[in-house]
Protein chains: 2
Amino acid sequence: MTERTTLADVAAAAGVSVSTASLAFSGAGPISAATKQRVLDAAAELGYTGPSALGRSLRSGRSGIVGVVIGDQLRRSFRDPVSVQVLDGLVDSVGPQGLGVLLVPATGGEAADPLVETAPMDAAVLLFGARRGEGTFEALRRRGVPVVLGEGPRGLDAPVVGIADREGTRRLVEYLRELGHSRIGVVTLPLGGERRCAPVDAARMAELDCPPAEHRLAALDDAGVVPTAVVEASASLVEAGVEAGRVLLDVADPPTAVLTHSDLLAAGVLIAARDLGLRVPEDVSVAGFDGLNLPWLAPDVLTSVAQPFAAKGAAIGDAITAILAGETPADVELEVELRIGTTTAPPRA
Amino acid sequence: MTERTTLADVAAAAGVSVSTASLAFSGAGPISAATKQRVLDAAAELGYTGPSALGRSLRSGRSGIVGVVIGDQLRRSFRDPVSVQVLDGLVDSVGPQGLGVLLVPATGGEAADPLVETAPMDAAVLLFGARRGEGTFEALRRRGVPVVLGEGPRGLDAPVVGIADREGTRRLVEYLRELGHSRIGVVTLPLGGERRCAPVDAARMAELDCPPAEHRLAALDDAGVVPTAVVEASASLVEAGVEAGRVLLDVADPPTAVLTHSDLLAAGVLIAARDLGLRVPEDVSVAGFDGLNLPWLAPDVLTSVAQPFAAKGAAIGDAITAILAGETPADVELEVELRIGTTTAPPRA
DNA sequence: GTCGTCGGTCGAATCGATTCGAGGAGTGGT
DNA sequence: ACCACTCCTCGAATCGATTCGACCGACGAC
């Protein structure tokens, strides 16, 4: 590959100065149509595709890159359809503005990943909440990179884009109660700290640090329901749901309804129930959260609380746009929708 | 947010010249321990987190960014577990070298996406093959950005990292034949051009341009098998598999075995078969490709050809590393493994 | 005819860092 | 005491582009 052609080369070829050539591309500033055309022709001749982003970045201080900091394991994030779809919405939102999305893995510990410290970005998105004590948020702040939180804790001096998960869960719980359920079990997302599949006891509750789970658990209180059992899943995966479902249902007197914190977990609970010889929804009702379209559950349709993925990504994109424009966007809470499927029904008499 | 502190600020605070301060960070070049420490202390004092990537990039010509060009719809790529896992392997591979991964959407048409033209990258990965006629590959070449192809066509003057899909399919076909199947149907991945779900006839075959599908179809010839019917799916999704499965199986004399080009398609065919009242594997055998772990198929286990996702991502990462080191890596073809599950069996007598 | 004005072009400084060659201080040898 | 040599530090050029102020020619007005 040959030497990269620069604006200077084009200017020389067109017989104008570098500054004039720059004007031809940027469009700003006075320049005669003839000169501009001459520059553009010379550029086409040399295969010059426009000013290098690097030089422009240096001058403007803008890189045109939005960093997306993904949880402690990129792998896990990518496997979660929810984050993938939010990411998709984000790319759709900022892409047309000429902004690129840079994936930045974040180590879970105190220290921030090297990329967090050094990668060029105009703004960053923390998709899975900035757990306090993690160095990532602080590192970005120190660098002066504005941050948008996706589902993060509020009050961190950064705009938060979230969903009304507490309200959604409350509606779901009320729906279950109206059906006649009083023995309700819960499968939560990982609550933070070490990952494991285990019943949640008082001690575990005390360390709660994961906002969505917090909200969704709090919603039970809102509805005046005390769960018969709460089990923490090790991840938002079908396998984890199976595991948690067994813990919850393989007991003498299982709950008549299981409320899970994600559709994948719910799918796992469905499998666990079937393995245990329980029919859904006759013997046990199962509800999810997210509103994923899971075609392989057909003909079943999961009762779930649907959240607007693409809109969430777009809202994050809007927040970034606003920040880059010098504004300070407000927190956003997106509406969710209760979708009744075939996996919930009144309990057996 | 305050003015960004620069190396010059640190140098001033430490009472040394900018060049000396640079030495303190880069590590290269002679510098006394005392001076170095003084610079580092001053940096810590000012909250300077190291040289800005922009300045460094400009000087070195390297941005530390690897562009991943995703097919015409980011959405589709993200929804495909295969590409997600390959991407994951890639990030794991290049991340530790301090390289970031920039997602670059590519418009399907002739023109290249603005980001392809302008975004800073040291190298680019075309994950879903560079279809000829697409402007993306050419645009990158013009910019002088080295390209690595994931499953792309060979002979494009860029290293290709692929899998032995032809060999894997051949083994799968031979396995089916040994079971006694002679009427074998095929569900292919989209073959390029417009997306649709339809039987593949001679006219359609003539426009074939999608290498994996090409190889996998060619493998039937290798094994001396002529498929009874070939149906093209509209995407690698369960829903598309259902649709294609209906086309293939809802006929008077359906095939006794269905070979699909992806596990998601196979899962869809399983659903279609069930809907049509066909038992698997008694009435019809179904095989996939990819070796995804699909827990929700339990207790069924899909017969499939497993490809090493992470290794593929890592191989792409290695190729990029080699290119950045000035070498010209050779093409890589990764081994695949035939995994017999519960969805294939001898045909009914 | 001369002066003011305006549109168009150019020079030079600037962004933040790297890097090379020059220079200066200190040391050891003769 | 002088020279040579080593080790560190500094100044200046450089990367590719933007942008402001200066400059210059032409045209209109009085």
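Every chain is numbered from 1, with letters handed out A, B, ... down the list of sequences.
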Quick one: NZ on Lys312(A) to CG on Asp88(A), what's the gap to the nearest 0.5 Å? 14.0 Å
Rounded to whole Å, the CG-P distance (Leu7(B) to dT14(D)) equals 20 Å
With B for base contact, S for sugar-phosphate-only contact and - for none (protein heavy atoms under 4.0 Å), nucleotides 20-26 of chain C reads -------
By side chain to side chain contact (heavy atoms under 4.5 Å, CB included), Ala119(B) pairs with (sequence neighbours left out) Leu102(B), Leu115(B)
For a side-chain contact (heavy atoms from CB on, under 4.5 Å) check, start with the C-alpha distance between Leu7(B) and Ser22(B), then their side-chain angles and the critical distance, and finish with the verdict. CA-CA 7 Å; Leu7(B) 188 58; Ser22(B) 174; 3.8 Å; yes
Provide, to the nearest angstrom, the distance between the CD atom belonging to Gln37(B) and the P atom belonging to dT9(D). 13 Å
Determine: side-chain N/O of Ser22(A) to OP1/OP2 of dA17(D), distance under 4.0 Å, yes or no. no
The correct set of residues in residues 45-61 of chain B placing a heavy atom under 4.0 Å from DNA chain D is Leu58(B), Arg59(B)
Answer yes or no: is there a side-chain heavy-atom contact under 4.5 Å between Val147(A) and Val69(A)? no
Please step through side-chain contact (heavy atoms from CB on, under 4.5 Å) for the pair Thr321(A) and Leu99(A), ending with a clear verdict. CA-CA 10 Å; Thr321(A) 307; Leu99(A) 294 174; 5.6 Å; no
For residues 36-47 of chain A, which side-chain N or O atoms pair as donor and acceptor with protein atoms under 3.5 Å away, sequence neighbours left out?
unit_1, atom_1, unit_2, atom_2, d
Gln37(A), NE2, Asp41(A), OD1, 2.9
Arg38(A), NH1, Ala14(A), O, 2.7

Separation of atom CD1 in Ile31(B) from atom P in dT18(C), rounded to whole Å: 12 Å
How bent is the helix from dG1(C)-dC30(D) to dT30(C)-dA1(D), measuring the angle between the end axes built from five pairs each, rounded to 10°? 60°
Run the side-chain contact (heavy atoms from CB on, under 4.5 Å) check on Thr136(A) and Leu140(A) step by step: do they pass? CA-CA 6 Å; Thr136(A) 304; Leu140(A) 290 170; 4.2 Å; yes
Can you see which heavy atom on Ala315(B) is nearest to which on Val161(B), and at what distance? CB-CG1, 3.7 Å
For the atom pair CD1 (Ile316(B)) and OG (Ser93(B)), what is the distance rounded to the nearest 0.5 Å? 9.0 Å
Between P on dC8(D) and NZ on Lys36(B), what's the gap in Å once rounded to a whole number? 12 Å
Here the gap from Asp122(B) atom CG to Ser57(B) atom OG, rounded to the nearest 0.5 Å, amounts to 7.5 Å
Restricting to side chain to side chain contact (heavy atoms under 4.5 Å, CB included), what partner residues turn up for Pro51(B), sequence neighbours left out? Phe25(B), Tyr48(B), Arg56(B)
